[in-house]
Amino acid sequence: MKYAGRLVFYGRRNPKPMSKKYKSWFRCFDGCGERYGLGEIIYRCRRCESLLEVCHDFDALAETSPGEWKSKFSSRRQVVSGPLAGGVWAKKEWVCPEVEDKNIVSLGEGYTPLLKLDGFFKTPELNNVYVKLCGSSHTGSFKDLGLTVLVSMVRQMRSHGVEIPAVACASTGDTSAALAAYCARAGLPCIVFLPEGKITPSQLIQPVSNGAITLAIDTDFDGCMELVQQVTSEENIDLANSMNSLRIEGQKTVAIEIAEQLNWQVPDWVVIPGGNLGNVSALGLGFRMMHRLGLIDRLPRICCAQSKRANPLYRSYISSFNKFEPIEAEKTLASAIQIGNPVSIRKAIDTLKDFNGIVEQAGEQQIMDACAAADRAGLFSCPHTGVALAALKKLIGRGLVAPDHRVVVISTAHGLKFPQFKIDYHWGEAGELDNPDANPPEKVENSLEAVRSAIYRRLD
Ligand SMILES: *Cc1c(COP(=O)(O)O)cnc(C)c1O
Ligand SMILES: [Zn+2]
């Protein structure tokens, strides 16, 4: 009965179900050749311990011409329900064709605005800078793009009888929020490992509200990461950190969206903040895939931006990537990238080499100043976006970004998830950091005269 029903369904609309026509699988990232099915609970190669990557059948994908892909993608923007809805699943063939439609767990992720950034740079000739607002998403960060794919795949494995009692992650706040939301949507148990006192209340309340088992542990992110890896390697609990390369497949759609929003013109530069470094490799993957399938004719340069207080990639970069040493990350305003031992370091370095990439860093004052300037221009910037904006300023200063360059800055989270550093700034409580643009609310007596005088004092 089940089989017949399926045949009828696909028989009318599509001679072959997508999951049959397009294939994807895990492959060892070190090129040792090992392949694994996407339905396996596996994050590292069993033969050589290296991270895995997801591969696609490019021959099958290339049967559709670049123009046809472009019009497919743009026509799917109109779809509001069903398996092709949302910015990730609209590109299902490129992302994870293995997932059966009925297993997709979506919360309307993707299709975030690409906003022209006017008024941020005082130099008028720099008017081709855009911000990709990935934080305008269900849980307020780009993590939604990856977790929709991972949680869908877990639901599929469970529906095929694989015993997965729960999904777990270590997080600097945003991964846990996204994982908890998608698990709640799918009815899956979820466990989040959080460094106690190192994430914002807005981030903490998300998994709590979504019913996740929320563990606040007396360590930092890197410590949580070690613990979660131990737990998931001993139980059959699925690990949802970015070493799980299914997430990267969802996150790479940000590159495709950017290209589409720019009418398939490739930016000269993309600036992206990096912590565990999965997202920078996802960005590269998206551009590489479009290039290989002929949708774009060149690649952008990529700048990965780090906080000076959590800069292991930057340190490696200045040694021409000849060495890499994990560090102990210090407390930084950019708390979601306070990571000293990034899991995806090798993938990130590969990506940067491929994209003629560079690494920049930003200090705390520079992060503050960049956010304040962005907010004055109408954004409400999270500190990680501030890291990227500060890095961009440096690239302009060094002449690497020219006035006629088209630049995209990846804004990774919504500013409303990180209000405290702005409060400190405007209230004058940011310690040794300067706050030249502080604009605290003014206490005014309840009278027309007092109100008028308060207003006109400021408007003059
Ligand atoms: C996760 C995260 C990052 C860093 O992404 P990585 O893939 O870990 O490099 C940056 N900004 C925000 C807001 C995040 O949540
Ligand atoms: Zn291997």
Side-chain angles (χ1 to χ4, degrees), residues 26-36 42-53 132-137 139-147 169-179 194 199-200 202-203 206 221-222 225 240-245 247-248 250-252 254 271-285 302 304-307 310-314 329 332-349 351-352 359 367 371 381-389 391 409-418 421:
F26 288 127
R27 183 176 64 192
C28 172
F29 183 68
D30 251 346
C32 92
E34 284 295 278
R35 281 169 69 145
Y36 306 91
I42 183 170
Y43 324 105
R44 289 187 182 276
C45 177
R46 291 199 188 102
R47 199 198 285 175
C48 74
E49 287 279 295
S50 147
L51 287 187
L52 304 174
E53 61 185 339
K132 178 68 171 162
L133 293 173
C134 300
S136 298
S137 182
T139 70
S141 84
F142 75 84
K143 300 296 199 295
D144 292 349
L145 301 174
L147 285 157
C169 73
S171 174
T172 53
D174 291 330
T175 299
S176 47
L179 180 65
L194 298 171
I199 71 171
T200 72
S202 335
Q203 290 177 313
Q206 292 181 293
F221 169 80
D222 296 295
M225 192 67 218
N241 278 96
S242 55
M243 59 195 305
N244 187 324
S245 41
R247 273 176 60 189
I248 305 294
Q251 288 170 214
K252 81 185 174 193
V254 79
V271 185
I272 182 170
N276 224 2
L277 304 177
N279 210 26
V280 62
S281 54
L283 181 75
L285 215 55
I302 292 179
C304 186
Q306 292 208 295
S307 162
N311 62 354
L313 180 69
Y314 179 78
T332 166
L333 293 172
S335 55
I337 54 176
Q338 188 181 326
I339 294 175
N341 189 13
V343 164
S344 298
I345 180 76
R346 293 265 336 275
K347 287 187 178 178
I349 291 176
T351 303
L352 289 169
V359 184
I367 299 170
C371 287
S381 175
C382 81
H384 324 88
T385 308
V387 170
L389 289 168
V409 174
I410 306 288
S411 172
T412 45
H414 201 293
L416 285 173
K417 292 186 95 170
F418 303 88
F421 81 109

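Read the numbers this way: they start at 1 and go in the same order the structure lists the ligands and their atoms.
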> Would S245 and L51 satisfy side-chain contact (heavy atoms from CB on, under 4.5 Å), going step by step from the backbone distance to the final call?
Replying inline: CA-CA 8 Å; S245 41; L51 287 187; over 6 Å; no
Can you list every pair where an N/O of ligand 1 is under 3.5 Å from an N/O on the protein?
{"residue": "ligand 1", "atom": "7 (O)", "partner": "G278", "partner atom": "N", "Å": "3.1"}
{"residue": "ligand 1", "atom": "7 (O)", "partner": "N279", "partner atom": "N", "Å": "2.8"}
{"residue": "ligand 1", "atom": "8 (O)", "partner": "N276", "partner atom": "N", "Å": "2.8"}
{"residue": "ligand 1", "atom": "9 (O)", "partner": "G275", "partner atom": "N", "Å": "2.8"}
{"residue": "ligand 1", "atom": "9 (O)", "partner": "N276", "partner atom": "N", "Å": "3.3"}
{"residue": "ligand 1", "atom": "9 (O)", "partner": "L277", "partner atom": "N", "Å": "2.8"}
{"residue": "ligand 1", "atom": "11 (N)", "partner": "T412", "partner atom": "OG1", "Å": "2.8"}
{"residue": "ligand 1", "atom": "15 (O)", "partner": "K143", "partner atom": "NZ", "Å": "2.6"}
{"residue": "ligand 1", "atom": "15 (O)", "partner": "D174", "partner atom": "OD2", "Å": "2.6"}

> Can you tell me how far CG of L277 sits from OG of S344, rounded to the nearest 0.5 angstrom?
Replying inline: 6.5 Å
> Counting N and O atoms only, with roles assigned by atom type, does the side chain of T351 sit under 3.5 Å from a partner on the main chain of K347, one being a donor and the other an acceptor?
Replying inline: yes
> Considering residues at least two apart in sequence or located in another chain, which fulfil the ring pair (Phe, Tyr, Trp, His ring centres under 6.0 Å) criterion with F418?
Replying inline: H384
> Can you check whether V343's main-chain N or O pairs, donor with acceptor, with N276's side chain at less than 3.5 Å?
Replying inline: yes
> Of all residues at least two apart in sequence or in a different chain, which pass the side-chain contact (heavy atoms from CB on, under 4.5 Å) check with T332?
Replying inline: S307, R309, A334, Q338, E364, I367
> Could you give the distance from NE2 (H414) to CZ (F142), rounded to the nearest 0.5 Å?
Replying inline: 15.5 Å
>> Using every non-hydrogen atom in the two residues, find where D222 and G340 come nearest and quote the distance to one decimal.
In response: OD2-N, 3.1 Å
> Looking at E49 and R44, does any basic side-chain N land under 4.0 Å from a carboxylate oxygen?
Replying inline: no
>> Strictly under 2.8 Å of the Zn ion (ligand 2): which protein N/O/S atoms qualify?
In response: C28 SG, C32 SG, C45 SG, C48 SG
